[in-house]
Amino acid sequence: MASHAKRKRDYETNLVSNGDGWSYPQHTDARSVGPQPEVDLALLEALEKSNDLPEVLDLRSLKKLVLSFERKLRDNLEARMKYPDQPEKFVDSEVELDEEIKKLHALAAVPDLYEELVRLNTVSSLLGLLTHENTDIAIDVVSLLNDLTDEDVIGETEEYALVLVDALVENNALELLVQNLSRLEESEPDEATAVFNTLSILENMIEVKPAVGELVCERTKLLRWLLNRIKVREFDGNKLYSSEILAILLQNITINQRRVGQLNGVDTILQAVALYKSRDPKTSEEEEMLENLFDCLCSVLMPLENKERFVKAEGVELMIIIMKQKRLAYGSALKVLDFAMTRCPQACERFVDVLGLKTLFAALMAKIPVKVKHHGDRNREEIDERILSIIASLFGGLIRGSRRERLVNKFVENEFEKIDRLLEFYMRYRDRVNAERMRQNSVQIDAVEMDDEEKYLAQLEAGLFTLQLLALIMAHIWSSEHLGMRERIDILLRQQRISRDDVKAVLQEYHDNIGDLDGPEEREKVRSKLQKFIGSM
């Protein structure tokens, strides 16, 4: 995901004001730029010497600003109540109120005054204007709040930022901001900018106080709004930002993942992804949005009930189609399948039923060219690791029957070439893990000794997890009792001057370090199965 500051700069760079209050796409064609007026140096000098330069905001001037704002707010509300059907009677007070709101932007330069702003109860007054009948007033408040919470402003003043964010939450900012979204028409440039700024405020608040990510989904209909926004076929900056906010809200927040599932969000995200099943994104921004959507899918697939929704919505079929089309999203589709099929027999069965094995094993043998993006060899390596993880999930999910037979038979085809490929991967990752262990031993001599947990985590990072998956796959193949495959495994191991004891040692280490994330019963079940594999080998 792009940084917030960069995204904001890109968005603002592509808009230019023409002085009438509207913003339009910026054109850079040199032919459209007329002769530039000469700079009046005398005028600049006079301005520098004038007394109208903005003073540095301090506590006293802040109180003056707030008092003036509150007066103009009161005047406007009274005028609207007194002359509700005579706009000419309250339009002047509205212009003055607008000017006072704009003056408060100066506060963004001195975030250490946020505490005083909260104490003066100005936050409540500002938020009340989000429901103002004049949408332009609400838009001004959104712009102000975006400046006050901007990451460049609050990045080094977290203490003051938290005071402001707490006050915003306590005064129902989340509810009012999301409610205001529903009345904004993105066909109007100013209102489209307000949508962007609203999403920016929410992201800034989550950055300062992560709990806001759960609160905003609990108290508002933001998730529904975001899902509706990503359904729009046309791509623009707000669709990109909506996909990013949705990804943030789903990452590691289980209750939000479940909420999206209940809102039929799995199907909605799949529909948004399906627009790219036969074409690649046209721009880097559109590509970023698509990656966000895939990240949303991976997050939302954490709860088991959403995996089942994914299968029913034909998500498995869509991912296989994207892989067959060899599009830029090939690796992302594999990643989603990996999440969907982990501990989900239903997804594994559907994968085999829709002929996914052919596509998967062609990828294992590197027979499908992949458009490598951004990270070169690392991207290819990640794809290989996803493939191996899916194969391990298939063996775990297909306990018996014709589907498991079809899976096992894939390793017999073409003179056991896929077993050869597995051993190739096994030796590659074995060498990496051994290199990491040697590094750890040398570190213990030269520096502070690492504890066992730190060592194990470093080894996992170096490739131990993938090595364990490879050992597990080979154990499944061995347990099929196919003499040809067993003989092939033994021959290949001997060629590398190692034995089945090496594979058993990897499985034993896996057995000894299984956590209880899925509960103690599941852990003991997996350990029992691993012990049987070790015994059979």
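Each residue takes its place number in the sequence, starting with 1.
Checking Asp150, Val165, Thr149 one by one against Ile201, the side-chain contact (heavy atoms from CB on, under 4.5 Å) holds for a single residue, Thr149. Screening Val300, Leu270, Leu318 against Phe310 for a side-chain contact (heavy atoms from CB on, under 4.5 Å) leaves a single residue, Leu270. The side chain to side chain donor-acceptor pair (under 3.5 Å) test with Gln459 is passed by exactly one of Gln440, Arg439, Arg432, Glu436: Gln440. Considering Leu507, Val503, Val506 as possible partners of Met474, the one that fulfils the side-chain contact (heavy atoms from CB on, under 4.5 Å) test is Val503.
Without hydrogens or angle criteria, Arg327 side chain to Ile322 main chain gives no donor-acceptor distance under 3.5 Å. Remark: side-chain polar atoms of Arg488 are not paired, donor with acceptor, to backbone N or O of Ile419 under 3.5 angstrom. Side-chain atoms of Asp147 do not come within 3.5 Å of backbone N or O of Ala108 as any donor-acceptor pair. Asn264 places no side-chain N or O within donor-acceptor distance of the main-chain N or O of Asp267, the cut-off being under 3.5 Å. With hydrogens and angles ignored, the 3.5 Å screen pairs no side-chain donor or acceptor of Arg523 with any backbone N or O of Gly515. Remark: the backbone N or O of Thr342 is paired with a side-chain donor or acceptor of Lys307 at under 3.5 angstrom. Here the side chain of Tyr330 pairs no donor or acceptor atom with the backbone of Ile383 at under 3.5 angstrom. Here the side chain of Asn292 pairs no donor or acceptor atom with the backbone of Ala247 at under 3.5 angstrom. A distance-only check finds a donor-acceptor pair linking the side chain of Ser393 to the backbone of Ser389 [under 3.5 Å]. Side-chain atoms of Asn228 come within 3.5 Å of backbone N or O of Arg224 as a donor-acceptor pair.
The minimum heavy-atom distance linking Gly213 with Asn256 is given by the pair O-ND2, 3.1 Å. Between Ile534 and Gln508, the shortest heavy-atom distance links the atoms CD1-OE1, 3.3 Å. The two residues Ser242 and Trp225 come nearest to each other via the heavy atoms OG-CZ3, 3.6 Å. Contact record, Ser243 with Cys296: O-SG, 3.8 Å, taken as the closest heavy-atom pair.
One finds no salt bridge joining Arg486 and Asp490 here, because no Lys/Arg side-chain nitrogen approaches an Asp/Glu carboxylate oxygen to under 4.0 Å. Residues Lys239 and Asp236 are not paired through a salt bridge, judged by the lack of any N-O separation under 4.0 Å between the basic side chain and the carboxylate. Ion pairing between Glu314 and Arg350 fails under the 4.0 Å rule for side-chain N and carboxylate O.
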- Evaluate side-chain contact (heavy atoms from CB on, under 4.5 Å) for Glu424 paired with Arg421, printing each intermediate quantity in order. CA-CA 5 Å; Glu424 177 188 329; Arg421 183 74 166 150; 2.9 Å; yes

- Message: If you apply the rule side-chain contact (heavy atoms from CB on, under 4.5 Å), what do you find for Leu290 with Leu328, and how did you get there?
- Response: CA-CA 10 Å; Leu290 183 57; Leu328 197 65; over 6 Å; no

- side-chain contact (heavy atoms from CB on, under 4.5 Å) between Leu394 and Leu360, worked out: CA-CA 11 Å; Leu394 284 167; Leu360 179 68; 3.7 Å; yes

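Atoms CE and CG, from Met289 and Leu275 in turn, are 7.5 Å apart once rounded to the nearest 0.5 Å. The distance from atom CG of Asn197 to atom CG of Leu145, rounded to the nearest 0.5 Å, is 10.0 Å. Taken to the nearest 0.5 Å, the CG atom of Leu240 stands 12.0 Å off from the CD1 atom of Ile230. One distance of note links CD1 of Ile387 with CE of Met365; it measures 11.0 Å at 0.5 Å rounding. The CG atom of Asn306 sits 10.0 Å away from atom CG of Leu297, with the distance rounded to the nearest 0.5 Å. Atom CZ of residue Phe416 and atom CG of residue Leu423 lie 13.0 Å apart, to the nearest 0.5 angstrom.
Residues Val408 and Met485 have side chains in contact (heavy-atom distance under 4.5 Å, counting atoms from C-beta outward). The shortest distance between side-chain heavy atoms of Leu469 and Tyr429 does not fall below 4.5 Å. At least one side-chain heavy atom of Leu174 sits under 4.5 Å from a side-chain heavy atom of Val212. Proximity of Arg403 to Asp353: side-chain heavy atoms (C-beta onward) are separated by under 4.5 Å at one or more points. Looking only at side-chain heavy atoms (C-beta outward), Leu472 and His476 come within less than 4.5 Å of each other. A heavy-atom distance below 4.5 Å is found between the side chains of Arg500 and Trp478. Using a 4.5 Å heavy-atom cutoff, the side chains of Val354 and Ile320 are in contact. Contact annotation: the side chain of Leu199 approaches that of Leu226 to within less than 4.5 Å [non-hydrogen atoms, C-beta and beyond].
Remark: Tyr456 OH is packed, more than 12 non-hydrogen atoms of other residues, nucleotides or ligands lying under 6.0 Å away. Residue Met302 places its CE atom among 12 or fewer non-hydrogen atoms of other residues, nucleotides or ligands, all under 6.0 Å distant.
A distance below 6.0 Å separates the ring centres of Tyr241 and Phe196.
When only modelled atom types and interatomic distance are considered, Tyr276 and Glu286 share a side-chain donor-acceptor pair under 3.5 Å. Side chains of Glu405 and Asn409: no donor on one and acceptor on the other come within 3.5 Å.
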